[in-house]
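All values below were derived from every heavy atom in this structure, side-chain atoms included, with hydrogens, water molecules and symmetry-related copies excluded. In what follows, chains carry the letters A, B, and so on, assigned in the order in which the sequence lines appear, proteins first and then strands, with residues in each chain numbered from 1.
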Amino acid sequence: MNQIRNVKGTRDLLEDSSALWNVVEQHVRATFNLYGFGEIRTPILEDTSLFVRGVGESSDIVGKEMYTFPDRKGRSLCLRPESTAAVARAYVQHRLQDQPQPVRLYYIGPQFRYERPQKGRYRQFQQIGAEVIGDAGPESDAELLVMLLRFLEGMDFEGLVVRLNTVGDIESRNRFGAALRDYLEPHRASLSEDSQRRLDTNPLRILDTKAPAERALLEGAPELSEFLTSDCREHFAGVRRLLDRFGVRYEIEPDLVRGLDYYTRTVFEIAATGLGAQDSILGGGRYDGLIEQLGGAETPGIGFAIGQDRLIDVLPQSFKDRHQRQRPVVVVPIGLEQGADIALDIAEQLRTAGIHSVAELSGKSMKAGMRLASKLEAIGVVLIGEDELAAGTVTYKNFASREQSSVDRKDLAQIITTSINRSTD
RNA sequence: GUGGGCGUAGCUCAAUAGGUAGAGCUCCUGAUUGUGGUUCAGGUGGUUGGGGGUUCAAGUCCCCUCGCUCACCCCA
């Protein structure tokens, strides 16, 4: 019989890693709240047309990577491939324009894309994202990046550089797209199949090609920066001025264009080393036309998404060390009739005092209990046998010092607490 | 979707020119009846990813298939 296993491109996070995920998520909530962001939780299942309209038909995500299927009544649904479009949908649907603007939201949740898995790329992956909707100024762009860096630095990341670019507004993009098409059209035959298709659907995307021949050809191509409207130039200059003011390190990358069609003006990403080919840990940008595209009023917005799986892959060791899991006290009964009951009583008493504790319930030998305690890396064990039971005491053994003493049951929690505090000083 | 590498115990790996599967770690038990983590002894655990073929004989050779992994592509 063949074993049932997890679906390709998904994974189980066992205790060791899920603890780390939780720590990161706590750090997200703490930091983002500090900047006035509230959490939004949107469904994993959405109407397929949300992404067709929001992310764009010419994008690879919508074109070939979505988990799309008809439900029992034939409606086309999909597992969300990203969350910005869903947040924008919620903004329109719940009339969040009637809230004080801009609205600041963050989310943490799984996303799904049907791709060939590899290092740092999964079919179910987790994104941490934040969106600022309803403010068009460069201040929002800068503030978002400042928050992002505070978040990363809070986890001991060092030397990260933001890769920054502007792709202009719709008008700039259309003018540039036309010029790029005119330039490349004579060379159409020498372009890759993908690039030929993009020449018709979205010429901008050809800019980030890696094919050497195409890169060479692009050397002489018109540049996006020459087609920016004065508003777009001003906006980008504003973003840069503010980033300088806040000491954010960035590099301008003129060829940075992102794969989602909704991006306008500011786009950015941060890469990390140690991730192989999938080295981008986060990406984002402005999407001033998205809300309108989804049926709302003309409303600007900007956001980013962090790949949590990748982030955790490169999490600095010092941060992990600071968040090791709590070590328990193990309560071991010795040859008692109702040993498990009594062990549970004591463990429960310790928990009331806030001490992480585990009762040994197997009823095996005391040795087995002691072994369990060291497997669990316990800070100590509470032993209780006939003598202790009769005297109303227990024996507490501190594993670090190897000292043990007989203490009254009512004093146990207090004694353990002070011994913990002493060792962490 | 395309290409490379790899599938032997829970994990990391052995197995001479095809000869009937083994080690370390983990886990469990024990080393005079109430003391772990070290040490020692013993034990659990595999239809060698699956199917077919060649052969007296296949983990080993051939074919198919599945899975894992890395890269392209794309992106987080």
Could you check how far [atom1] of [X] sits from [atom2] of [N], rounded to whole Å?
| X | N | atom1 | atom2 | answer |
| --- | --- | --- | --- | --- |
| A:Gln118 | B:rC6 | CD | P | 19 Å |
| A:Glu115 | B:rA71 | CD | C1' | 14 Å |
| A:Met66 | B:rC75 | CE | C1' | 15 Å |
| A:Gln196 | B:rC73 | CD | P | 17 Å |
| A:Ile61 | B:rC73 | CD1 | P | 16 Å |
| A:Gln127 | B:rC75 | CD | P | 12 Å |
| A:Asn6 | B:rG67 | CG | C1' | 11 Å |
| A:Asp279 | B:rC72 | CG | P | 10 Å |

Report yes if a side-chain nitrogen or oxygen of A:Arg116 is closer than 4.0 Å to either non-bridging phosphate oxygen (OP1 or OP2) of B:rG67; otherwise report no. no
Would you say A:Lys8 places a side-chain N or O within less than 4.0 Å of OP1 or OP2 belonging to B:rC68? yes
Quantified in whole Å, what is the [atom1] atom distance between nucleotide [N] and nucleotide [M]?
| N | M | atom1 | answer |
| --- | --- | --- | --- |
| B:rG10 | B:rG49 | C1' | 16 Å |
| B:rG24 | B:rC64 | C1' | 36 Å |
| B:rA14 | B:rG53 | C1' | 28 Å |
| B:rA15 | B:rU60 | C1' | 10 Å |

Would you say the side chains of [X] and [Y] form a donor-acceptor pair under 3.5 Å?
| X | Y | result |
| --- | --- | --- |
| A:Tyr106 | A:Arg29 | yes |
| A:Ser172 | A:Asp169 | yes |
| A:Asp47 | A:Ser76 | no |
| A:Arg150 | A:Tyr35 | yes |

Does A:Tyr250 have A:Arg163 sitting over its ring (NZ/CZ under 6.0 Å from centre, angle to axis within 45°)?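 Relative to the ring axis of A:Tyr250, which defines the angle, A:Arg163 lies outside at least one limit.
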Can A:Arg123 be said to sit on top of A:Tyr114's aromatic six-ring, NZ or CZ under 6.0 Å from centre and within 45° of the ring axis? yes
Any donor-acceptor pair under 3.5 Å joining the side chain of A:Arg5 to the base of B:rG49? no
Quiz question: going by heavy-atom distance under 3.5 Å, is there a donor-acceptor pair between the base of B:rC73 and the side chain of A:Arg121? yes
Heavy atoms only, 4.0 Å cut-off, all strands: where does [X] land among base, sugar-phosphate and nothing?
| X | answer |
| --- | --- |
| A:Asp387 | base |
| A:Arg327 | nothing |
| A:Gly120 | base |
| A:Glu388 | base |

Any salt bridge between A:Asp16 and A:Arg325, counting N to O under 4.0 Å?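 Looking at A:Arg325 together with A:Asp16, the answer is no, because their closest N to O distance does not fall below 4.0 Å.
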Could you check, using the six-membered ring where one of them is a Trp, whether A:Phe32 and A:Phe151 have ring centers closer than 6.0 angstrom? yes
Between the protein and nucleotides 35-39 of chain B, list the N/O to N/O atom pairs that are separated by less than 3.5 angstrom.
{"unit_1": "B:rU35", "atom_1": "O2", "unit_2": "A:Lys397", "atom_2": "NZ", "d": "3.1"}
{"unit_1": "B:rU35", "atom_1": "O2", "unit_2": "A:Gln404", "atom_2": "OE1", "d": "3.4"}
{"unit_1": "B:rU35", "atom_1": "N3", "unit_2": "A:Gln404", "atom_2": "OE1", "d": "2.8"}
{"unit_1": "B:rU35", "atom_1": "N3", "unit_2": "A:Gln404", "atom_2": "NE2", "d": "3.3"}
{"unit_1": "B:rU35", "atom_1": "O4", "unit_2": "A:Gln404", "atom_2": "NE2", "d": "2.6"}
{"unit_1": "B:rG36", "atom_1": "O2'", "unit_2": "A:Met370", "atom_2": "O", "d": "3.3"}
{"unit_1": "B:rG36", "atom_1": "O2'", "unit_2": "A:Ser374", "atom_2": "OG", "d": "2.3"}
{"unit_1": "B:rG37", "atom_1": "O4'", "unit_2": "A:Ser374", "atom_2": "OG", "d": "3.4"}
{"unit_1": "B:rG37", "atom_1": "O6", "unit_2": "A:Arg402", "atom_2": "NE", "d": "3.4"}
{"unit_1": "B:rG37", "atom_1": "N1", "unit_2": "A:Arg402", "atom_2": "NE", "d": "3.0"}
{"unit_1": "B:rG37", "atom_1": "N1", "unit_2": "A:Arg402", "atom_2": "NH2", "d": "2.9"}

